[in-house]
Amino acid sequence: CSVESRAQIHEIAHMVKAAGATILRGGAFKPRTSPYSFQGMGEPGLQLLREAADATGLLMVTEVVSPMEVPLVAQYADILQLGTRNMQNYSLLHAVGEAHKPVLLKRGMSSTIEELLMAAEYILSHGNYRVMVCERGIRTFETYTRNTLDINAVPALKQLTHLPVIVDPSHATGKRELVDAASRAAIAAGADGLIIEVHNHPERALSDGAQSLTGEQFAAMVKRLARVAEAVDRRLAVGEPVVA
Ligand code: PEP
Ligand code: MN
């Protein structure tokens, strides 16, 4: 979830790379619900992410929370992430629309599929065509899980747009023990990629430990996912280089 130290991000980058991940995602600027929660390391966190990505040959994606910081984050990141709380932050959509980096746009927690597509359209309309949309769970009456994974959104988005559709089962469930099944459902439903939170010591994580997998759990899950992909005539591009 967050970059916490050089040792932490390097260890996790090596774990996920060995398991077949292609992109490293970590937060340096964290939009937290409480102002008293860990807010991320800021620019030093971006530097550590870049180092860990380069050391492992992974691409790197990280969140940008303000239009002012787009140039700074774009200096370090291969892909700019817009978080659920900012999906309709129009000045931010405008700013990343003018950036020369691909964008991972997360669905607002209370936004419709149509609103997600219109937010993506803002980025495209400013000249940046490299946008991925991400289903990360929506708010419902259910409280057992952190959010409700809208699995319907995956085939719906695949029908409505040519943009790649990513699923985030970690934030969608909020529970490590549900991430595996939700990931399999996402792949079976047609997701083009997954973002999964992994931590070397989930019990000590400064954010989102309850939904973070251990490296071993992640590696085992990737193997199972490959079989699910095959069952639906798809293929998991594990460990393959991706071009940003
Ligand atoms: C994240 O992916 O780092 C994150 C904060 O997720 P979301 O914006 O979906 O809550
Ligand atoms: Mn998180």
Task: Residues Glu51 and Arg6 bridged, charged N to O under 4.0 Å - done: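 Yes, this pair counts.
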
- [ ] Give a yes or no on whether a salt bridge exists between Glu197 and Arg176, defined as a side-chain N under 4.0 angstrom from a carboxylate O.
- [x]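 Answer for the salt bridge query: no.
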
Side chains of [X] and [Y]: donor-acceptor distance under 3.5 Å anywhere?
| X | Y | value |
| --- | --- | --- |
| Gln8 | His201 | no |
| Thr145 | Thr173 | no |
| Ser91 | Asn89 | yes |
| His171 | Asp208 | yes |
| Arg146 | Gln211 | yes |
| Tyr122 | Gln88 | no |

If we ignore hydrogens and angles and just use 3.5 Å, is the side chain of [X] paired with the main-chain N or O of [Y] as donor and acceptor?
| X | Y | answer |
| --- | --- | --- |
| Thr161 | Leu157 | no |
| Ser2 | Gly40 | no |
| Gln217 | Thr214 | yes |
| Lys175 | Tyr144 | yes |
| Asp192 | Pro164 | no |

Just wondering, do [Y] and [X] contact through their side chains at under 4.5 Å, heavy atoms?
| X | Y | value |
| --- | --- | --- |
| Leu194 | Leu225 | yes |
| Ile113 | Asn152 | no |
| Ser212 | Val198 | no |
| Asn147 | Ile138 | no |
| Leu80 | Val73 | yes |
| Gln39 | Phe29 | no |
| Leu104 | Val131 | no |
| Ile23 | Ile79 | yes |

Report whether [X] and [Y] are members of the same hydrophobic cluster (ILVMFWY, side-chain heavy atoms less than 4.5 Å apart, transitive linking).
| X | Y | value |
| --- | --- | --- |
| Val64 | Tyr76 | yes |
| Met41 | Val61 | no |
| Met132 | Leu236 | no |
| Val228 | Val179 | yes |
| Val165 | Ile196 | yes |

Can you tell me how far the [atom1] atom of [X] sits from the [atom2] atom of [Y], to the nearest 0.5 Å?
| X | Y | atom1 | atom2 | result |
| --- | --- | --- | --- | --- |
| Arg107 | Leu116 | CZ | CG | 6.5 Å |
| Ile187 | Arg235 | CD1 | CZ | 12.0 Å |
| Met87 | Leu105 | CE | CG | 6.5 Å |
| Thr148 | Ile151 | OG1 | CD1 | 12.0 Å |
| Gln81 | Lys101 | CD | NZ | 15.0 Å |
| Leu46 | Met60 | CG | CE | 6.0 Å |

Atom of [X], atom of [Y] and distance for their closest heavy-atom approach:
| X | Y | result |
| --- | --- | --- |
| Ala99 | Val70 | CB-CG1, 4.0 Å |
| Pro31 | Glu63 | CG-OE2, 3.2 Å |
| Gly27 | Thr62 | CA-OG1, 3.9 Å |
| Ser66 | Leu92 | C-CD1, 3.5 Å |
| Ala191 | Val154 | N-CG1, 3.5 Å |
| Phe38 | Leu206 | CD2-CB, 3.8 Å |

Open item on the list: Looking at Arg139, I want to see if its CZ is surrounded by more than 12 non-hydrogen atoms of other residues, nucleotides or ligands under 6.0 Å.
Closed with: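 Not more than 12 within 6.0 Å, no.
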
- [ ] Determine whether more than 12 heavy atoms belonging to other residues, nucleotides or ligands lie under 6.0 Å from atom CD of Glu115.
- [x]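 More than 12 heavy atoms, drawn from other residues, nucleotides or ligands, come within 6.0 Å of this atom.
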
Open item on the list: The test is salt bridge (Lys or Arg N to Asp or Glu O under 4.0 Å); show your working for Arg136 and Asp150 and say whether it passes.
Closed with: CA-CA 8 Å; Arg136 48 77 70 203; Asp150 181 7; over 6 Å; no

- [ ] Decide side-chain contact (heavy atoms from CB on, under 4.5 Å) for Cys1 and His199; before the verdict, give the C-alpha distance in whole Å, the side-chain angles of both, and the deciding distance to 0.1 Å.
- [x] CA-CA 8 Å; Cys1 185; His199 201 283; over 6 Å; no

- [ ] Carefully, step by step, assess Glu4 and Arg204 under the rule side-chain contact (heavy atoms from CB on, under 4.5 Å).
- [x] CA-CA 10 Å; Glu4 301 170 4; Arg204 280 193 252 143; over 6 Å; no

- [ ] With sequence neighbours excluded, tell me which residues meet ring-ring contact (aromatic ring centres under 6.0 Å, His included) with His94.
- [x]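 For His94 the ring-ring contact (aromatic ring centres under 6.0 Å, His included) partners, ignoring immediate neighbours, are His126.
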
- [ ] Please determine which of Asn128, Leu124, Leu93 meets the side chain to side chain contact (heavy atoms under 4.5 Å, CB included) test together with Val103.
- [x]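 It is Asn128, the one option of Asn128, Leu124, Leu93 that forms the side chain to side chain contact (heavy atoms under 4.5 Å, CB included) with Val103.
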
- [ ] Test side-chain contact (heavy atoms from CB on, under 4.5 Å) on Glu43 and Leu72 and set out the steps.
- [x] CA-CA 8 Å; Glu43 188 173 1; Leu72 173 74; 3.5 Å; yes

TODO: Quick one: do Ile195 and Cys134 satisfy side-chain contact (heavy atoms from CB on, under 4.5 Å)? Show the steps, please.
DONE: CA-CA 9 Å; Ile195 56 179; Cys134 177; 4.2 Å; yes

Open item on the list: Please evaluate residues Glu135 and Lys106 with respect to the criterion salt bridge (Lys or Arg N to Asp or Glu O under 4.0 Å), reporting the C-alpha separation (whole Å), side-chain torsions for both, the decisive distance (0.1 Å), and the verdict.
Closed with: CA-CA 6 Å; Glu135 161 59 34; Lys106 300 192 79 174; over 6 Å; no

TODO: Not counting sequence neighbours, which residues clear salt bridge (Lys or Arg N to Asp or Glu O under 4.0 Å) with Arg50? List them please.
DONE: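 Scan of Arg50 (salt bridge (Lys or Arg N to Asp or Glu O under 4.0 Å), adjacent residues dropped) gives Asp54, Asp78.
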
